[in-house]
Novice: 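The structure that follows is given in the form of structure tokens.
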Amino acid sequence: MNRLTSITLTSVVAVTALSGCAAQQQVTQQHRLTGSLSYLSRIALAPNSVAVVTVRDSSVADGAVIGEQRIDLDGQPLPISFTLAVNTQDMNGGAYSLSAVIMEGGQVSWRSAPVGVSAEAGMTELGNLVLRQVSEQGVVTPLPGSEWQVRNLNAWPFLPRPGRA
């Protein structure tokens, strides 16, 4: 009976040790991306707003989504913290970027510029991503409805033809 108990105990210890190694290997194959989202305008979000943080393959047009986190905002104040864990086995070479949007009523109302991220396992603190408001036509310009006049083009003075303003 002692020998059977000893063999059983040895088997349990071996299985536990091996499962611990597998868990350790799985943890090291993830890339954790952390940061926060904010915008500069003092505009309240709709109650049903959702922030979506996405990592995608940016080496090709419309690259595959590698990881995504959805955050129900429900009146949450800015900045909005995020932590996104991406499996590095899904990242095979290529270039990858993280971007974020805030959706109100199913429509994108705020968008960040994409930020390049590494495909290596570990943890990356991205800091604060500043989102810009999106209109129906695209990103809101700082001076909507204003007229622009070209004064130089590629560092060369731009002179209008005589008789044209």
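Along the sequence shown, residues are numbered consecutively beginning with 1.
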Novice: Of V52, V50, I80, which is the lone residue that meets side chain to side chain contact (heavy atoms under 4.5 Å, CB included) with I102?
Specialist: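 For I102, the side chain to side chain contact (heavy atoms under 4.5 Å, CB included) check succeeds only for I80.
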
Novice: In terms of side-chain heavy atoms, does E104 have a donor or acceptor partner in S109 at a distance below 3.5 Å?
Specialist: yes

Novice: What do the steps show when you test I71 against Q76 for side chain to side chain contact (heavy atoms under 4.5 Å, CB included), and what is the final call?
Specialist: CA-CA 10 Å; I71 306 165; Q76 182 177 341; 4.1 Å; yes

Novice: Just by modelled atom types, is the D74 backbone N or O under 3.5 Å from a matching donor or acceptor in the D72 side chain?
Specialist: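 Between the backbone of D74 and the side chain of D72 there is no qualifying donor-acceptor contact (under 3.5 Å).
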
Novice: Nearest 0.5 Å, please: how far is CE in M103 from CZ in R111?
Specialist: 9.5 Å

Novice: Do Q133 and I43 come close enough that some side-chain heavy atom pair is under 4.5 Å?
Specialist: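 Yes, their side chains come closer than 4.5 Å.
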
Novice: Between Y39 and V130, which heavy-atom pair has the shortest distance, and what is it?
Specialist: CA-CG1, 4.5 Å

Novice: Can you find a pair of side-chain heavy atoms, one from E68 and one from V53, that are under 4.5 Å apart?
Specialist: no

Novice: Locate the shortest heavy-atom distance separating S99 from P114; write the atom from each residue and the value.
Specialist: CB-CA, 4.2 Å

Novice: Would you say V86 and F82 are hydrophobically clustered, going by side-chain heavy atoms of ILVMFWY under 4.5 Å?
Specialist: yes

Novice: Verify the distance criterion only: is there a donor paired with an acceptor across the side chains of S118 and H31 at less than 3.5 Å?
Specialist: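 Short answer, no.
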
Novice: More than 12 heavy atoms of other residues, nucleotides or ligands under 6.0 Å from CD of E125: is that the case?
Specialist: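 Count over threshold, so yes.
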
Novice: Would you name the heavy atoms of S36 and N128 that are closest together and state the gap between them?
Specialist: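 Looking at all heavy atoms of both residues, the shortest contact is OG-OD1, 3.0 Å.
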
Novice: Does the side chain to side chain contact (heavy atoms under 4.5 Å, CB included) test come out yes or no for W110 and V134, once each step is laid out?
Specialist: CA-CA 5 Å; W110 299 89; V134 175; 5.8 Å; no

Novice: Please tell me if the side chains of V117 and T124 come closer than 4.5 Å, counting only heavy atoms from C-beta onward.
Specialist: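 Heavy-atom side-chain distance check fails, nothing below 4.5 Å.
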
Novice: If only atom types and distance count, is the side chain of S58 paired as donor or acceptor with the main-chain N or O of A95 below 3.5 Å?
Specialist: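 Present.
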
Novice: Taking the side chain as C-beta and beyond, is there a heavy-atom pair between Q29 and T88 under 4.5 Å?
Specialist: yes

Novice: Does any non-hydrogen side-chain atom of L126 lie less than 4.5 Å from one of V115?
Specialist: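 V115 vs L126: side chains touch.
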
Novice: Looking at Q30 and A85, what are the two nearest heavy atoms and their distance?
Specialist: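 It is OE1-CB, 3.7 Å.
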
Novice: Of all the heavy-atom pairs spanning T83 and R32, show the shortest one and how long it is.
Specialist: CG2-NH2, 3.3 Å

Novice: Please answer: with hydrophobic residues joined when any side-chain heavy atoms are less than 4.5 Å apart, are L37 and L45 in the same cluster?
Specialist: yes

Novice: Could you grab the distance from atom CD1 of I66 to atom CG of L84, nearest 0.5 Å is fine?
Specialist: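 The distance works out to 11.0 Å.
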
Novice: Cluster question for you: counting only ILVMFWY and a side-chain heavy-atom cut-off of under 4.5 Å, with indirect links fine, are L33 and V101 together?
Specialist: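 Different clusters.
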
